[in-house]
Amino acid sequence: MGKNKKSNIEILDPNFNQIIIVDSMEEWQVYNWVLELYELGVIKSYEYQPTEFQLTPKYTFVPAFNNSKKKSKTLLQPHIYTADFKLIFDEQYGELLSKYFKISNEMIQDEVITLYLDIKGTFQKNGGARTFSINQKLVFEKYGVYVQKTVPQDLFAVLGVPVRCLRGYKGKKSKIYLNCNLVQTIFK
């Protein structure tokens with residue numbers, strides 16, 4: 001199910017009764033955060049890798065030379081972007097959520113807040129932050145949707161760590177989030 005075919009990080013989603021394959025350890029951490037907030041009623045619904053945003057279409061051209069059949073060829077492939085999460089929060093938690101997320105009035109409708117997240121680690125190789133920044137701007141320009149860059153360590157420091165992340169993916173005790181409050185404490 002993940003975009004990155006190299007990784008094989010699984011999480012059981014009890015709400016959909018299925019195993020989800022996520023792309024990174026950071027996505028696994030945020031998915032656990034989402035599950036805990038859903039159980040608490042803070043998140044009303046969620047999607048992992050929601051519907052993609054088509055940012056540019058495919059462009060073709062007919063070569064002027066060496067093309068006796070006048071057959072068209074691809075000039076540029078389409079550019080598509082998929083956020084990692086689409087989360088629907090209960091509006092009553094807006095003030096608390098705004099301690100980490102940028103929330104505008106356009107994100108609030110019918111007493112819910114809709115946020116799109118792109119999960120990033122603290123280190124991004126190959127200029128991932130630059131690519132994300134361009135995609136973020138194009139999605140906002142074309143669709144009016146702001147995709148929030150989300151780093152789990154920063155998020156958990158402000159809005160709490162899920163209990164499951166106190167132990168790593170393989171169950172070993174983790175020291176990364178020892179100084180963070182639990183999600184249950186923040187959203188009581």
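Everything numeric in this text was worked out from a predicted model, so none of it was measured.
- Distance alone, capped at 3.5 Å, places no donor-acceptor pair between the D154 side chain and the T150 backbone.
- One distance of note links CE of M25 with SG of C165; it measures 9.5 Å at 0.5 Å rounding.
- The shortest heavy-atom contact between V163 and Q184 is CG2-NE2, 3.4 Å.
- The hydrophobic cluster around Y59 extends to F61, L75, L76, counting ILVMFWY residues whose side-chain heavy atoms fall within less than 4.5 Å of a member.
- Rounding to the nearest 0.5 angstrom, the gap separating the CD1 atom in I113 from the CG atom in L97 is 5.5 Å.
- In terms of heavy atoms, P152 sits closest to V30 at CG-CG2, 3.8 Å.
- Taking the six-membered ring wherever Trp is involved, the centroid distance between the rings of Y116 and F53 falls below 6.0 Å.
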Could you walk me through whether F101 and L155 satisfy the side chain to side chain contact (heavy atoms under 4.5 Å, CB included) test, starting with their C-alpha distance in whole Å, then the side-chain angles of each, then the deciding distance to 0.1 Å, before giving a yes or no? CA-CA 9 Å; F101 297 110; L155 172 67; 3.7 Å; yes

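- Under the 3.5 Å distance criterion, with hydrogens and angles disregarded, a donor-acceptor pair is assigned to the side chains of S104 and E106.
- Side-chain contact between L159 and V183 is absent, with no heavy-atom pair separated by less than 4.5 Å.
- Interatomic distance, Q49 CD to I20 CD1, rounded to the nearest 0.5 Å: 9.5 Å.
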Under the side chain to side chain contact (heavy atoms under 4.5 Å, CB included) criterion, do Q136 and D118 qualify, and how do the steps go? CA-CA 9 Å; Q136 182 185 44; D118 192 287; over 6 Å; no

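- Within a 6.0 Å radius of NZ in K142, other residues, nucleotides and ligands contribute more than 12 heavy atoms.
- Counting all heavy atoms, side chain and backbone alike, L87 lies closest to L117 at CD1-CD1, 3.5 Å.
- Note on I176: it clusters hydrophobically with F156, by side-chain heavy-atom contacts below 4.5 Å among ILVMFWY residues.
- Between Y48 and Y31, the angle of the ring planes lies from 30° to 60°, which puts this pair in the tilted group.
- The backbone N or O of V151 sits nowhere less than 3.5 Å from a side-chain atom of E26 that would complete a donor-acceptor pair.
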Starting from the C-alpha separation in whole Å, work towards a yes-or-no answer on side chain to side chain contact (heavy atoms under 4.5 Å, CB included) for W33 and R164. CA-CA 8 Å; W33 184 78; R164 177 62 182 93; over 6 Å; no

Would T114 and M107 satisfy side chain to side chain contact (heavy atoms under 4.5 Å, CB included), going step by step from the backbone distance to the final call? CA-CA 5 Å; T114 303; M107 297 173 183; 5.5 Å; no

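- Annotation: the span from E27 atom CD to I21 atom CD1 amounts to 12.0 Å, rounded to 0.5 Å.
- With a 4.5 Å cut-off on side-chain heavy atoms, D23 and I9 do not count as touching.
- More than 12 heavy atoms of other residues, nucleotides or ligands sit less than 6.0 Å from atom CD of E10.
- Closest approach of P162 to Q29, counting heavy atoms only: CG-O, 4.0 Å.
- Between Y38 and Y46, the two ring planes are perpendicular [angle over 60°; tilted spans 30° to 60°].
- By the rule that hydrophobic residues join a cluster once side-chain heavy atoms approach within less than 4.5 Å of another member, F140 and I80 end up as members of separate clusters.
- In this structure, Y81 and V147 approach most closely via the heavy-atom pair OH-CG1, 3.5 Å.
- No continuous path of hydrophobic side-chain contacts links I88 to Y93 [ILVMFWY only; heavy atoms under 4.5 Å].
- Taken to the nearest 0.5 Å, the CG atom of L96 stands 4.5 Å off from the CZ atom of F187.
- Distance alone, capped at 3.5 Å, is enough to place a donor-acceptor pair between the D84 side chain and the I119 backbone.
- Smallest separation of non-hydrogen atoms from K120 and K149: CG-CG, 3.9 Å.
- Both F16 and I11 are members of a single hydrophobic cluster when ILVMFWY side chains are connected at heavy-atom separations under 4.5 Å.
- Panel note: side chain T56, backbone H79; a donor-acceptor pair is recorded below 3.5 Å.
- Note that the CD1 atom of I186 and the CG atom of L37 stand 10.5 Å from one another [nearest 0.5 Å].
- Cluster annotation: L166 and V34 are assigned to the same hydrophobic cluster (Ile/Leu/Val/Met/Phe/Trp/Tyr, side-chain heavy-atom contacts under 4.5 Å, transitive).
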